[in-house]
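Since this is a predicted model, take the numbers as computed values, not measurements.
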Amino acid sequence: MSENKVIVSEHVLEIRHHATGRLLDVRGNVADYIKSADIFPHWEIDTNVVKFRDAPKKPEKVGAFAGYQSAGLFVYDPDTRNFFEDKFGKFWRTLVKNQHYSVPDITRFGCRSKLFYNSQKSFEDINSEIYSKFFSEEFRGLVGNQEKDLQIVIELKEQGFDVRVTIGPIHKEEANRYFTFHSDHFTDAGVYIDIDVYKSVGVTHKEVPTLTKRAMDIAWAKADSIVAKVGV
């Protein structure tokens with residue numbers, strides 16, 4: 001990896017649950033309740049959801065939502081690796097303790113991380129490095145050795161989660177297509193990694209913070225090991 005290596009990341013955690021009409025009657029109360037906990041200074045009420053954010057007009061770094069069928073939080077390019085799980089943990093604990101409605105039984109826990117690792121190498125060199133690490137020369141000869149681009153998708157079972165990993169080289173400026181925000185580092189070529197860690201059976205309200213930490217540990221460990229192996 002180059003001395004100028006940076007990691008730009010975006011994370012979102014969504015808890016899907018059975019529908020609740022009760023939230024629609026108390027959206028204003030929930031908005032005030034979350035704001036009073038000093039988690040978010042700004043909120044907005046839509047038809048089926050209450051949205052929270054860190055800035056007046058749109059989220060700059062972090063936002064969240066509580067809807068009639070799901071709740072969640074997202075973070076753009078956090079400064080530390082534990083910022084996301086800490087912020088979500090506080091939001092979730094506050095939400096489930098509110099006195100205005102009860103969060104129904106959970107149907108899916110999903111934690112998704114999108115990561116961009118920049119490189120001083122060209123896209124073509126990065127593409128070749130990834131290809132050589134994941135495919136044999138025999139396979140390369142079978143499909144043709146003049147590949148222009150590639151994307152690798154792997155689905156796994158790990159620590160009680162389903163895990164979907166997508167890996168690929170990325171052109172200069174191309175990262176803007178995959179992230180919700182802009183970064184100056186997207187002018188570089190690099191490696192894009194998308195890791196979705198989810199669980200759909202037996203998720204309880206109490207274990208959500210623990211699941212969040214485990215999911216993030218899995219995501220970062222996989223991303224770091226992939227990039228170290230590729231060596232871009």
Taking every non-hydrogen atom, the tightest pair across [X] and [Y]:
X: Asp188; Y: Ser119; answer: CB-O, 4.1 Å
X: Ile195; Y: Lys222; answer: CD1-CB, 4.0 Å
X: Leu23; Y: Ala66; answer: CD2-O, 3.6 Å
X: Pro169; Y: Asn127; answer: CG-OD1, 3.3 Å
X: Val50; Y: Ala31; answer: CG1-CB, 3.8 Å
X: Ser113; Y: His11; answer: OG-ND1, 2.8 Å

* Determine whether the aromatic ring centres of Tyr117 and Tyr192 lie less than 6.0 Å apart. => no
* Is the Tyr198-Phe109 ring centre distance short of 6.0 angstrom? -> no
For residues [X] and [Y], determine if any side-chain heavy atom of one lies less than 4.5 Å from a side-chain heavy atom of the other.
X: Gln69; Y: His18; answer: no
X: His205; Y: Val103; answer: yes
X: Leu156; Y: Phe161; answer: no
X: Asp194; Y: Arg112; answer: yes
X: Leu13; Y: Leu73; answer: no
X: Gln151; Y: Ile167; answer: no
X: Thr212; Y: Thr210; answer: no

Has the side chain of [X] got a donor or acceptor atom that lies under 3.5 Å from a matching backbone atom of [Y]?
X: Asp184; Y: Thr187; result: no
X: Ser102; Y: Pro104; result: no
X: Ser225; Y: Ala221; result: yes
X: Asn118; Y: His185; result: no
X: Lys114; Y: Tyr178; result: yes
X: Arg177; Y: Glu174; result: no
X: Trp43; Y: Val30; result: no
X: Asp54; Y: Val62; result: yes
X: Asn98; Y: Leu95; result: yes
X: Arg22; Y: His100; result: yes

Nearest 0.5 Å, please: how far is [atom2] in [Y] from [atom1] in [X]?
X: Thr107; Y: Ile15; atom1: OG1; atom2: CD1; result: 9.0 Å
X: Asp77; Y: Glu60; atom1: CG; atom2: CD; result: 13.0 Å
X: Asp149; Y: Glu124; atom1: CG; atom2: CD; result: 9.5 Å
X: Ser70; Y: Arg16; atom1: OG; atom2: CZ; result: 7.5 Å
X: Ile7; Y: Ile193; atom1: CD1; atom2: CD1; result: 9.0 Å
X: Phe84; Y: Ser9; atom1: CZ; atom2: OG; result: 9.5 Å

Do the charged groups of [X] and [Y] touch, with an N to O distance under 4.0 Å?
X: Glu44; Y: Lys51; result: no
X: Glu129; Y: Lys121; result: yes
X: Asp79; Y: Lys61; result: yes
X: Asp162; Y: Lys199; result: no
X: Asp217; Y: Lys213; result: yes

* Does the side chain of Glu10 come under 3.5 Å of the side chain of Thr180 through a donor N or O and an acceptor N or O? -> yes
* To do: Would you check if there is a donor-acceptor pair between the side chains of His182 and Asn176 at a distance under 3.5 Å?
  => yes
* Asked: Taking the inter-plane angle between the rings of Phe186 and Phe116 on a 0 to 90° scale, is it parallel (under 30°), tilted (30 to 60°) or perpendicular (over 60°)?
  -> perpendicular
* Take the angle between the ring planes of Phe88 and Phe91 and call it parallel below 30°, perpendicular above 60°, tilted in between. => tilted
* **Ring-face cation contact, Phe40 with Lys87, 6.0 Å cut, 45° max** => yes
* Kindly confirm or rule out a cation-pi arrangement of Arg81 over Trp220, judged by NZ or CZ under 6.0 Å from the six-membered ring centre and within 45° of its axis? => yes
* Begin with the C-alpha distance, continue with both residues' side-chain angles, and end with the deciding distance and a verdict on side chain to side chain contact (heavy atoms under 4.5 Å, CB included) for Ile152 and Ile130. => CA-CA 9 Å; Ile152 301 162; Ile130 293 177; 3.8 Å; yes
* Asked: Around atom NZ of Lys133, are there more than 12 heavy atoms of other residues, nucleotides or ligands at under 6.0 Å?
  -> yes
* Step by step, work out the side chain to side chain contact (heavy atoms under 4.5 Å, CB included) result for Asp196 and Val163. => CA-CA 6 Å; Asp196 192 8; Val163 182; over 6 Å; no
Could you state whether [X] and [Y] fall into the same hydrophobic cluster, counting links through intermediate Ile, Leu, Val, Met, Phe, Trp or Tyr residues with side-chain heavy atoms under 4.5 angstrom apart?
X: Ile45; Y: Phe65; value: no
X: Ile154; Y: Phe135; value: yes
X: Tyr101; Y: Val49; value: no
X: Phe123; Y: Ile226; value: no

* To do: Take Ile170 and Val191, measure what side chain to side chain contact (heavy atoms under 4.5 Å, CB included) needs, and give me the verdict at the end.
  => CA-CA 6 Å; Ile170 201 164; Val191 178; over 6 Å; no
